[in-house]
Amino acid sequence: MLQRCVIALILARVGAVFANSNTEFQQFENQYNLGYGYMSGNLANGYADKSNFSAQTLSIEIERLFDDGIWVDGNYNMVTNYSQPNLGSLNGGNGSGNLCTGSNCANYGSEFGQYPFMFSLLFKGGYAFQIISGKLQLTPYAMFGRTYNWATSTVNANGGNNLASDFFYTGGLGGKISYKINNSILLSLDEIYTYNWDNSGAIKHIQTNPDLYGKTYAATNYTLTSTLGAKFKVYRDLELSANTFWNSFQPQSNISGLMYTPTDTYGVQFSVGLTY
């Protein structure tokens, strides 16, 4: 009987420590923000030809860490400016998306390039463990959502019709480790492995014209993302954030050698928000 009481007291004490210590991180992670990002990246096709691109993004994020350690995050991201060299009608860039078959011409994909992730709505959910109470936190999590695949090649293959059908189902597993320096600064390192499953009309409904890419393809890919970030409590509920990130892409489909795909990207993101 005595042993049971001692064990119960110990478990209750441990549970209280874990629950109470979350307040040290809630002051940073219970927040919402508006972000701006810049990235540059590399493209390559099946013939080992290489190119590059750059993009600017805007994002809206809401994050919450609950008292019991459950952590959730929602993020909407969109590309607001995109630039790449002219890679021809099949790969776009610099207004090159004119697609002509015989005497019929259209402007499919002229405003796009070969970086496909134009819009995304992603949700993350996990559990925060206190490695060092109030100082070091580990949060494994899962991610799911939808990302629109508006690469020139996809828009061309789909005949420029119904862009809403050109998207990826996006899912992933990741982990974040956070270190609280003091009540004003929190540092974090985030790693996630993502699967982008192409569900575009190009692969589901339309056989690619043999005069173009020569085969049907899907743009399904894996992505490994590393993010190093910092949050700063600057005045009362005002919080500023800065992140630097790196993405490595691996196509998983039997795509045409003529088509350029991303290989890696590098970038930074800044945000301003409020804690609650």
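Numbers here are sequence positions counted from 1. Keep in mind that the numbers below use all heavy atoms, side chains included, and drop hydrogens, waters and symmetry copies.
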Asks: Return the set of residues passing side chain to side chain donor-acceptor pair (under 3.5 Å) with Thr147 (not counting sequence neighbours), or none when no residue passes.
Replies: Thr170
Asks: Just by distance, do the side chain of Glu29 and the backbone of Gln26 share a donor-acceptor pair under 3.5 Å?
Replies: no
Asks: What residues form a side chain to side chain donor-acceptor pair (under 3.5 Å) with Gln56, not counting sequence neighbours?
Replies: Tyr36
Asks: Please, which pairs that meet salt bridge (charged side-chain N to carboxylate O under 4.0 Å, His left out) have at least one residue in residues 123-133, sequence neighbours excluded?
Replies: none
Asks: Side chains of Asn52 and Asn42: is there a donor and an acceptor less than 3.5 Å apart?
Replies: no
Asks: State, with a plain yes or no, whether a side-chain heavy atom of Met39 is found less than 4.5 Å away from one of Tyr266.
Replies: no
Asks: Quick one: do Trp71 and Leu173 end up in the same hydrophobic cluster if we chain Ile, Leu, Val, Met, Phe, Trp and Tyr together by side-chain heavy atoms under 4.5 Å apart?
Replies: no
Asks: If I compare all heavy atoms of Leu138 with all of Pro140, which pair ends up nearest, and what's the gap?
Replies: O-CD, 3.7 Å
Asks: Please walk me through it: do Gln114 and Ser153 pass side chain to side chain contact (heavy atoms under 4.5 Å, CB included)?
Replies: CA-CA 7 Å; Gln114 281 304 97; Ser153 55; 3.1 Å; yes
Asks: Does the side chain of Thr275 come under 3.5 Å of the side chain of Gln27 through a donor N or O and an acceptor N or O?
Replies: no
Asks: In Å and rounded to the nearest 0.5 Å, what is the CG to CE distance from Leu122 to Met143?
Replies: 5.0 Å
Asks: Please confirm whether the backbone N or O of Tyr260 pairs with a side-chain atom of Asn45, one donor and one acceptor, at under 3.5 Å?
Replies: no
Asks: For residues 234-245, which side-chain N or O atoms pair as donor and acceptor with protein atoms under 3.5 Å away, sequence neighbours left out?
Replies:
| residue | atom | partner | partner atom | Å |
| --- | --- | --- | --- | --- |
| Thr244 | OG1 | Gly267 | O | 3.3 |

Asks: May I ask you to check whether Asn33 and Gln31 show a side-chain donor-acceptor distance below 3.5 Å?
Replies: yes
Asks: Side-chain atoms of residues 185-192: list all donor-acceptor pairs with protein atoms under 3.5 Å, sequence neighbours left out, distances to 0.1 Å.
Replies:
| residue | atom | partner | partner atom | Å |
| --- | --- | --- | --- | --- |
| Asp190 | OD1 | Tyr141 | OH | 2.6 |
| Asp190 | OD2 | Tyr141 | OH | 3.2 |
| Glu191 | OE1 | Ser226 | OG | 2.8 |
| Glu191 | OE2 | Ser226 | OG | 2.9 |

Asks: Apply side chain to side chain donor-acceptor pair (under 3.5 Å) to Asn247 and list each qualifying residue two or more places apart in sequence or on a separate chain.
Replies: Thr225, Thr265
Asks: Answer yes if the side chains of Gln250 and Asn221 hold a donor-acceptor pair under 3.5 Å, and no otherwise.
Replies: no
Asks: Quick one: do Ile177 and Leu136 satisfy side chain to side chain contact (heavy atoms under 4.5 Å, CB included)? Show the steps, please.
Replies: CA-CA 7 Å; Ile177 188 164; Leu136 189 64; 3.9 Å; yes
Asks: Report yes or no: do Ser59 and Gln269 form a side-chain donor-acceptor pair below 3.5 Å?
Replies: yes
Asks: Compare every heavy atom of Asp166 with every heavy atom of Thr154, then report the nearest pair and how far apart it is.
Replies: CG2-CG, 3.8 Å
Asks: For a side-chain contact (heavy atoms from CB on, under 4.5 Å) with Leu65, tell me which candidate from Tyr127, Phe28, Phe25 qualifies.
Replies: Phe25
Asks: Would you indicate whether the side-chain heavy atoms of Lys135 and Tyr179 approach each other to under 4.5 Å?
Replies: yes
Asks: Take Gln84 and Leu43 through the test side chain to side chain contact (heavy atoms under 4.5 Å, CB included) and record every step on the way to the result.
Replies: CA-CA 10 Å; Gln84 77 172 47; Leu43 303 166; 3.7 Å; yes
Asks: Can you name the side-chain contact (heavy atoms from CB on, under 4.5 Å) partners of Arg64, sequence neighbours left out?
Replies: Asn30, Phe66, Val72, Tyr276
Asks: Stepwise, does the ring pair (Phe, Tyr, Trp, His ring centres under 6.0 Å) test hold for Phe119 with Trp150?
Replies: CA-CA 9 Å; Phe119 299 88; Trp150 287 0; 5.2 Å; yes
Asks: Of all residues at least two apart in sequence or in a different chain, which pass the salt bridge (Lys or Arg N to Asp or Glu O under 4.0 Å) check with Glu63?
Replies: Lys176, Lys231
Asks: Treating Trp246 as the side-chain partner and Thr227 as the backbone partner, does any N or O pair qualify as donor plus acceptor under 3.5 Å?
Replies: no
Asks: Take Phe167 and Asn199 through the side chain to side chain contact (heavy atoms under 4.5 Å, CB included) test and state the conclusion after the steps.
Replies: CA-CA 6 Å; Phe167 66 89; Asn199 277 257; 3.8 Å; yes
Asks: For Ser51 versus Leu87, what's the shortest heavy-atom pair and its separation?
Replies: OG-CD2, 3.7 Å
Asks: Are the side chains of Leu121 and Arg146 in contact, using a 4.5 Å heavy-atom criterion?
Replies: no
Asks: Can you list everything that forms a ring pair (Phe, Tyr, Trp, His ring centres under 6.0 Å) with Tyr193? Sequence neighbours excluded, please.
Replies: Tyr222
Asks: I'd like to know if the side chain of Thr152 reaches the main chain of Phe112, judged simply by a donor and an acceptor atom lying under 3.5 Å from each other, with no hydrogens or angles considered.
Replies: yes
Asks: With a cutoff of under 4.5 Å between side-chain heavy atoms, which Ile, Leu, Val, Met, Phe, Trp and Tyr residues group with Ile60?
Replies: Leu34
Asks: Would you say that Pro85 contacts Phe53 through its side chain, given a criterion of any heavy-atom pair below 4.5 Å between the two side chains?
Replies: no
Asks: Listed by chain and number, what are the ring pair (Phe, Tyr, Trp, His ring centres under 6.0 Å) partners of Phe117, not counting sequence neighbours?
Replies: Tyr115, Phe168, Phe249
Asks: Take Asn22 and Asp67 through the test side chain to side chain donor-acceptor pair (under 3.5 Å) and record every step on the way to the result.
Replies: CA-CA 6 Å; Asn22 282 325; Asp67 291 340; over 6 Å; no
Asks: Under the side chain to side chain donor-acceptor pair (under 3.5 Å) test, which residues partner Asn183, sequence neighbours left out?
Replies: Lys180
Asks: With the side chain counted from C-beta on, respond yes when Ser200 and Pro116 share a heavy-atom pair under 4.5 Å apart, and no when they do not.
Replies: no
